[in-house]
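Worksheet: one structure, shown below.
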Amino acid sequence: MIQFPPPHVLFTFLVIFLFIALRKWKKKHNIKKETVLELPPGPKRLPLIGNLHQMSGALPHHALRNLARQHGPIMRLQLGEILTIVISSPDAVKEILKTHELAFAQRPEISALEVMSYENSSFVFSPYGEYWRQMRKICVLELLSVKRVMSFRSIREQEAMKMIKAIGDSDGKPFNLSKLILSLINDVTSRAAFGERLKPAWERLHRKIDVILNHIIEEHKAKLESAIDDENKPPAREDLVDVLLNLQKTSELKFFITMDVIKNVIMEIFSAGTDTSSTTIEWAMSEMLRNPRVMHKAQQEVRNHLNGKPRVEESDLESLEYLKTKIIINTWAIGRDSDAWSSPEEFRPERFLESSVDFRGNSFEYIPFGGGRRICPGINFGIANIEVPLAQLLYHFDWEFGDGKSSPEELDMEETFGITSRRKNPLVMIANTRVKFSNDRAVHA
Ligand code: HEM
């Protein structure tokens, strides 16, 4: 599956951008090898491997933060052949994302991506230029606009209800909450992108990726043709494949939207939208389980507000201030800067109520969606996917550990390093129904 940069490795990306910018600048100004560059401080390098040995042992984002503590928030590392500048503080991020925004809108040149994407049609990894500009416009105005995200509201509500029902059916027995959250987000995203749940097909993707995508597109084309033939039929909700096929016919872009472009955009949106959102819900639940005070406060807010309603709807969420404070897990190192945050390691959602920090790229101490020109265009979709399920999990159930642990401090919080920093082990829980899910009215257990 095509991968995209997650929040917790953002600073590593920034670093690579700086390297590219330096290289381009050197090329442009014809600077020869012997020119001595003024580089920030960094640890001593070994021949050939540079500082790679200092990255082993810990997860990369932890290792980088530990090194930055010794060498400063703008630090030089030599990772094999690649000269890297690591950015680890809000002030340094501001420098990069605001002052030198343009230079850092580039993406690193990774040759493997050319193979993975359809004829270089990747949007997420495309260099900053005309193709990226046009694709970004399609994403922001057509595929992920507020209006489009709103149009998927019933999908989100239906899928969240399906999850709540499955949890209710677990009947007080331990179950894998992580798996349910991931399949919820997969189902929401695939229904929004392709118009149907695609799990079984998606699981076979590695073998038959192209065949499946061709099949999906052909089906959509046939559906569009029959809709044109039957003008009296009310227009159905458009999924993202429909939007792209329509644009292919009607748009006046500077390039033609080929089938490869459509396949790639859909793939990337699917990849970008699933792990990020499900991981956020998973960590939010984990943090609350470890902090019963926070869990209790959030549950009280949701339950008082809903006051026995049978289910949580998106419109219920507007006034849930406390819940909304905890939907995003901090970008790893920047969000843990002790100059910017008091007790940065502590899960204390109140901190967001007490300050005006925003997560849309304006507050450099908190950039879960990145910032600058390449800021995540899926913010609205991502937030919408997270809020209702989280509110429902808190509203309907009281939670107990399902893995034999008895105290919150014992909860395993081990992470993996990957595209998104997921939990290493699934969250196994027992759910005790507090407000029974019903289509008509809420029944208190
Ligand atoms: C909690 C959920 C999400 C988080 C934390 C997140 C975070 C990020 C981050 C940090 C970036 C890189 C920004 C940069 O390079 O400066 C990014 C880029 C991107 N995200 Fe998201 N994202 C989320 C959800 C989504 C969703 C739901 C979609 C689409 C459905 C999406 C689509 C994209 C795309 C297409 C890019 C590349 C933008 C570009 O290169 O211009 N994201 N995201």
Side-chain angles (χ1 to χ4, degrees), residues 2-17 20 61 87 93 96-98 100-108 113 117 121-129 131-140 142-146 148-149 152 155-156 181 184-186 188-194 239-240 243 264-284 326-335 359-361 364 366-387 389-390 419-422:
I2 299 220
Q3 301 182 334
F4 101 110
H8 60 272
V9 288
L10 180 65
F11 61 96
T12 319
F13 259 112
L14 296 176
V15 160
I16 302 173
F17 297 162
I20 292 167
H61 49 295
I87 306 295
V93 168
I96 303 287
L97 288 183
K98 202 161 183 181
H100 302 291
E101 193 197 348
L102 202 56
F104 294 99
Q106 256 326 335
R107 286 283 194 238
L113 284 170
S117 67
S121 55
S122 170
F123 159 56
V124 174
F125 292 98
S126 60
Y128 180 73
Y131 178 74
W132 172 80
R133 243 189 303 279
Q134 299 282 328
M135 292 310 294
R136 176 97 194 174
K137 204 166 141 193
I138 293 180
C139 255
V140 172
E142 300 285 347
L143 301 177
L144 299 169
S145 66
V146 173
R148 183 81 55 204
V149 172
F152 300 137
I155 296 182
R156 286 188 293 272
I181 293 172
L184 160 80
I185 299 294
N186 270 332
V188 170
T189 315
S190 62
R191 281 183 67 189
F194 313 114
D239 58 44
L240 302 187
V243 178
N264 206 61
V265 170
I266 294 294
M267 288 274 299
E268 290 194 324
I269 288 203
F270 193 90
S271 321
T274 45
D275 266 16
T276 44
S277 307
S278 59
T279 303
T280 308
I281 302 179
E282 207 185 20
W283 281 120
K326 74 188 71 54
I327 54 170
I328 306 294
I329 308 293
N330 286 358
T331 305
W332 208 82
I334 315 279
F359 57 80
R360 290 179 186 264
F364 297 99
Y366 188 51
I367 45 165
F369 293 99
R373 283 165 209 238
R374 300 220 55 154
I375 192 169
C376 175
I379 297 183
N380 295 321
F381 194 33
I383 296 285
N385 282 350
I386 292 163
E387 283 181 343
L390 204 46
I419 291 312
T420 45
S421 185
R422 302 194 71 87

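As the structure lists them, so they are numbered: ligands from 1, and atoms in each ligand from 1.
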Do Arg374 and Trp132 make a side-chain contact, defined as non-hydrogen atoms from C-beta onward lying under 4.5 Å apart? yes
Between Arg373 and Tyr128, the two heavy atoms sitting closest are NH1-OH, 2.8 Å
Between atom CZ of Arg136 and atom OG of Ser126, what is the distance when rounded to the nearest 0.5 Å? 10.0 Å
Rounded to the nearest 0.5 Å, what separation is found between the CG atom of Leu144 and the CG atom of Asn380? 8.5 Å
Just which atoms of ligand 1 are under 4.0 Å from any heavy atom in Phe123? 35 (C), 39 (C), 41 (O)
Pull out every atom of ligand 1 sitting under 4.0 Å from any heavy atom of Ile269, numbered as shown with elements. 29 (C), 30 (C)
If the cut-off is 4.0 Å to any non-hydrogen atom of Gly371, which atoms of ligand 1 fall inside it? 16 (O)
Taking the six-membered ring of Tyr366, is NZ or CZ of Arg360 closer than 6.0 Å to its centre and within 45° of its axis? no
Is there side-chain contact between Phe123 and Ile138, with heavy atoms separated by less than 4.5 Å? no
How close do Val188 and Arg156 get, heavy atom to heavy atom, and via which atoms? CG1-CG, 3.8 Å
Closest non-hydrogen atom pair between Val149 and Ala384, with its separation: CG1-CB, 4.0 Å
Determine, using heavy atoms of Phe270 and all atoms of ligand 1, whether some pair is separated by less than 4.0 Å. no
Ligand-side contact atoms (ligand 1) for residue partner Phe381, heavy atom cut-off under 4.0 Å: 27 (C), 30 (C)
Counting heavy atoms only, which of Gly382, Ser271, Ala272, Cys139 comes nearest to atom 25 (C) of ligand 1? Ala272
Side chain, backbone, both or neither: Glu268 near ligand 1, heavy atoms under 4.0 Å: neither
List every atom of ligand 1 that sits less than 4.0 Å from any heavy atom of Trp132, numbering the atoms from 1 in the order shown and giving each element. 39 (C), 40 (O), 41 (O)
How about Leu390 and Thr280: do any of their side-chain heavy atoms sit closer than 4.5 Å? no
Atoms of ligand 1, numbered as shown, that sit under 4.0 Å from any heavy atom of Pro377: 19 (C), 20 (N), 33 (C), 34 (C), 35 (C), 36 (C), 38 (C)
N/O separation below 3.5 Å, Ser277 to ligand 1: no
Taking all non-hydrogen atoms of both residues, which atom of Ile185 and which atom of Asn385 are closest, and how far apart? CD1-O, 3.7 Å
Can you check which of Ser278, Cys376, Ala192 brings a heavy atom nearest to atom 20 (N) of ligand 1? Cys376
For ligand 1, which part of Leu144 has a heavy atom less than 4.0 Å away: the side chain, the backbone, both, or neither? side chain
Polar contact flag for Thr276 and ligand 1 (N/O pairs, less than 3.5 Å): no
Atoms in ligand 1 flagged as close to Thr280, the criterion being non-hydrogen separation under 4.0 Å: 1 (C)
Are the side chains of Phe270 and Leu240 in touch, meaning some heavy atoms are under 4.5 Å apart? no
Which is closest to atom 7 (C) of ligand 1 by heavy-atom distance: Pro368, Gly378, Gly370? Pro368
Region of Ile386 engaging ligand 1 - heavy atom pairs below 4.0 Å: side chain
Suppose I only count heavy atoms of Phe369 and a 4.0 Å limit; which atoms of ligand 1 are within that range? 1 (C), 2 (C), 3 (C), 4 (C), 5 (C), 6 (C), 7 (C), 9 (C), 10 (C), 13 (C), 22 (N), 23 (C)
